[in-house]
Amino acid sequence: RVWALAKRQAPDGCPIKGRVQGRERVYLLPWASNYERVRISTRRGERWFCSQDEAEAAGWRASDSG
């Protein structure tokens, strides 16, 4: 249910948030504790992903918070 809601609200239906934290690139899944607070800034190189496989193939790793 969380996935479906996030997918409807995300750009192009891709609900995984790719966030830049210092020198690290991490992705957050919709059920991560801080998912709602994170805002994606494409100017900082952040982006959206449609799947975990896509995020990992692009060199991003899973966030510790989920």
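Quick note: residue numbers are just sequence positions, from 1. No experiment lies behind these values; they were computed from the predicted model shown.
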Using 0.5 Å steps for rounding, measure from the CD1 atom of I16 to the CG atom of L29.
5.0 Å
Same hydrophobic cluster for F49 and W3, using side-chain heavy-atom links shorter than 4.5 Å among ILVMFWY?
yes
Closest approach of P15 and G13, non-hydrogen atoms and distance?
CD-O, 3.2 Å
Any link between Y35 and I40 through a network of hydrophobic side chains (Ile, Leu, Val, Met, Phe, Trp, Tyr) touching at under 4.5 Å?
yes
Counting N and O atoms only, with roles assigned by atom type, does the side chain of K7 sit under 3.5 Å from a partner on the main chain of C14, one being a donor and the other an acceptor?
no
Hey, are the side chains of R19 and N34 touching, using non-hydrogen atoms and a 4.5 Å cut-off?
yes
Summary of side-chain hydrogen bond (donor to acceptor under 3.5 Å, both in side chains) pairs that have at least one residue in residues 43-56, sequence neighbours excluded
Y27-Q52, Y27-E56
Point-to-point distance, once rounded to the nearest 0.5 Å, from NZ of K17 to OG of S63
11.5 Å
Going from CG on D64 to CD on E24, what distance comes out if it is rounded to the nearest 0.5 angstrom?
8.0 Å
Between R39 and E36, is there a donor-acceptor pair closer than 3.5 Å when you use the side chain of the first and the backbone of the second?
yes
